[in-house]
Amino acid sequence: MAQEFQTSRLQTGRTQSVDRRWLSMLIDAMEHAARPKIRNTACDAAVISAVSAHLAQPASAFGHCGSAYSLRN
């Protein structure tokens with residue numbers, strides 16, 4: 001049982017590490033996009049159109065790599 005608990009803690013630690021890395025990358029990207037030189041750069045109309053079309057699609061029910069199953073069932 002102690003081994004089972006250790007494995008569970010290890011997986012939680014990995015998840016938190018990935019979450020922090022993802023959040024750090026998001027903050028870096030937002031800071032980069034907020035720079036005046038970047039904000040004043042014109043964006044290609046085709047890119048704006050493609051992003052708008054993508055965002056207009058309904059959200060996935062299970063998210064990225066998600067599942068319909070839950071531990072709370």
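Grouped with Leu55 in one hydrophobic cluster are Val47, Val51, the linkage being side-chain heavy-atom contacts under 4.5 Å among Ile, Leu, Val, Met, Phe, Trp and Tyr residues.
Under the rule for a side-chain contact (heavy atoms from CB on, under 4.5 Å), the partners of Gln57 that lie at least two apart in sequence or sit in another chain are His54. With sequence neighbours left out, the side-chain contact (heavy atoms from CB on, under 4.5 Å) criterion links Arg35 to His32, Ile38.
A donor-acceptor pair under 3.5 Å links the side-chain atoms of Ser52 to the main chain of Ile48, judged by distance alone.
Separation of atoms CG (Leu23) and CD1 (Ile27) is listed at 4.0 Å; rounding is to 0.5 Å.
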